[in-house]
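Written out below as structure tokens is the structure these notes cover.
Read the numbers this way: they start at 1 and go in the same order the structure lists the ligands and their atoms. Just so you know, these numbers come straight off a predicted model, no measurement behind them.
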Amino acid sequence: MYDFDSILGEEQLKLKMKAVANNGKHSHAYLIVGEKRSGKTTLSNCFAKALQCESEGNKPCGQCLSCLQMDAGNHPDVIHLEHAKEETIGIDDIREGLNDDVVIKPYRSDKKVYIIDDAQNMTIKAQNALLKTIEEPPSYAVIIMNATSAEALLPTILSRVVLLPVKPVPDAVIKRYLMRNKEVPDYRADVCVAFARGNLGRAVDLVSDAEFDESKEKAVTLLKEIADRDYGDLYVKAVELGKDKKGAELTGLMDFIRIWYRDALVYKTTGRESGLIFREEIQYIKKVSKLIAYEGFGEIFDALKKAQLMLRSNVNPETVADLLLIAVRDCEKES
Ligand SMILES: [Zn+2]
């Protein structure tokens, strides 16, 4: 069932979508932009449901035939674009699924809504094909695209869509949801929220992700004893991290490093334990907060930034990991 109320946060976006549906003045193309698992699919389906709702009152009513068909996943005038290959949307997908289909009038509604998930995966040729429809759409057509970033789309497309950016959900809202709806204990909820960075879907995934727990244990073990490790040890660790050529493993570790030292810095500044993410490891956090001077923290955060830039510039993860671990170790050692 598609229900705006089931979506946490995104109040402005939801209001805007409802207003468009209720005043009947819709554009022909929308682009919902947000990272993976940020709720774009649910938002686009709720939007389509509201646009198609037959009620005179507050749309979507959830009771008319159109709303029921939408919830059952068989609305004849809401089309989810299919594509032959999983990772790309090609020119034929757009031609067959959209351009050839859009000329056929709606089945029973006065609108025909198309939803294109993962629009960032459209090839340039596919985007040019799509442009034909977006430039001169039939009056009844509405195209809703979801994408993880707008950068992958041609400027000619972007200039013809209404951009609907998904905003990060506030940490407190995610935490309350995890504790109430998923029965996650306080400490664990804080850890998941810290790593989800405003993405509710990711937070929910982390709650039951055994791999995440394992990575956390490994990271904590490494950070507790990093000052005692020599360069050889750290190189072995870097080689291990470098096995994941895409750098996801290292990126995960970098999140733990960032939050570990952020906790230590917060403790150094405030002397308070509340609000710390790694409060189960408070003895170590206290130790680190005393050991490292303020400049040292600055150096660690700089090293993290540098590592992120290098990964983005495709430097291999093993090299990045080695440089980062040495920098962090030296900060603790020299303090
Ligand atoms: Zn309805």
Side-chain angles (χ1 to χ4, degrees), residues 1-34 36-83 94 96-119 130 133-134 136-147 160-167 169 173 176-177 180-181 199-201 204:
M1 203 174 105
Y2 297 113
D3 182 3
F4 276 119
D5 291 337
S6 72
I7 302 166
L8 280 193
E10 311 310 333
E11 299 309 327
Q12 282 182 335
L13 211 53
K14 290 190 275 186
L15 278 177
K16 187 167 183 174
M17 288 176 174
K18 284 183 200 171
V20 166
N22 282 295
N23 69 23
K25 290 180 195 154
H26 61 81
S27 299
H28 285 293
Y30 294 88
L31 176 63
I32 303 176
V33 180
K36 271 188 193 164
R37 304 282 286 117
S38 61
K40 299 185 297 295
T41 305
T42 312
L43 275 166
S44 54
N45 279 296
C46 285
F47 190 25
K49 181 176 172 179
L51 286 169
Q52 293 289 24
C53 175
E54 293 159 3
S55 146
E56 294 295 325
N58 216 355
K59 300 179 185 193
C61 71
Q63 283 159 7
C64 67
L65 177 61
S66 171
C67 281
L68 296 178
Q69 283 178 321
M70 194 63 210
D71 285 338
N74 58 7
H75 198 296
D77 293 316
V78 175
I79 296 109
H80 291 84
L81 188 97
E82 291 180 358
H83 40 97
I94 294 292
E96 288 162 27
L98 183 75
N99 293 1
D100 294 350
D101 191 84
V102 80
V103 292
I104 306 165
K105 291 212 166 93
Y107 182 71
R108 62 182 290 272
S109 163
D110 59 353
K111 287 181 212 76
K112 208 165 173 181
V113 179
Y114 291 85
I115 297 180
I116 306 180
D117 282 322
D118 290 318
L130 171 73
T133 296
I134 291 193
E136 283 177 74
S139 59
Y140 51 76
V142 183
I143 299 164
I144 307 172
M145 289 178 273
N146 297 324
R160 286 177 173 82
V161 300
V162 176
L163 201 61
L164 302 172
V166 175
K167 301 236 167 63
V169 181
V173 175
R176 201 161 51 229
Y177 177 85
R180 279 192 194 159
N181 301 55
N199 185 322
L200 176 69
V204 172

* Structure fact -> By side-chain hydrogen bond (donor to acceptor under 3.5 Å, both in side chains), Asp101 pairs with (sequence neighbours left out) Lys112, Tyr114
* For the Zn ion (ligand 1), how many protein N, O or S atoms come closer than 2.8 Å? -> 4
* Asked: Would you call Asp5 and Lys14 a salt bridge, taking side-chain N to carboxylate O under 4.0 Å as the test?
  -> no
* **Test item: Asp71 side-chain N/O and Gly62 main-chain N/O as donor-acceptor pair under 3.5 Å** => no
* Asked: Is there a donor-acceptor pair closer than 3.5 Å between any side-chain N or O of Gln52 and the backbone N or O of Lys111?
  -> yes
* His28 side chain vs Ala141 backbone, donor-acceptor pair below 3.5 Å -> yes
* **Lys40 (side chain) donor-acceptor with Gly34 (main chain) under 3.5 angstrom** => yes
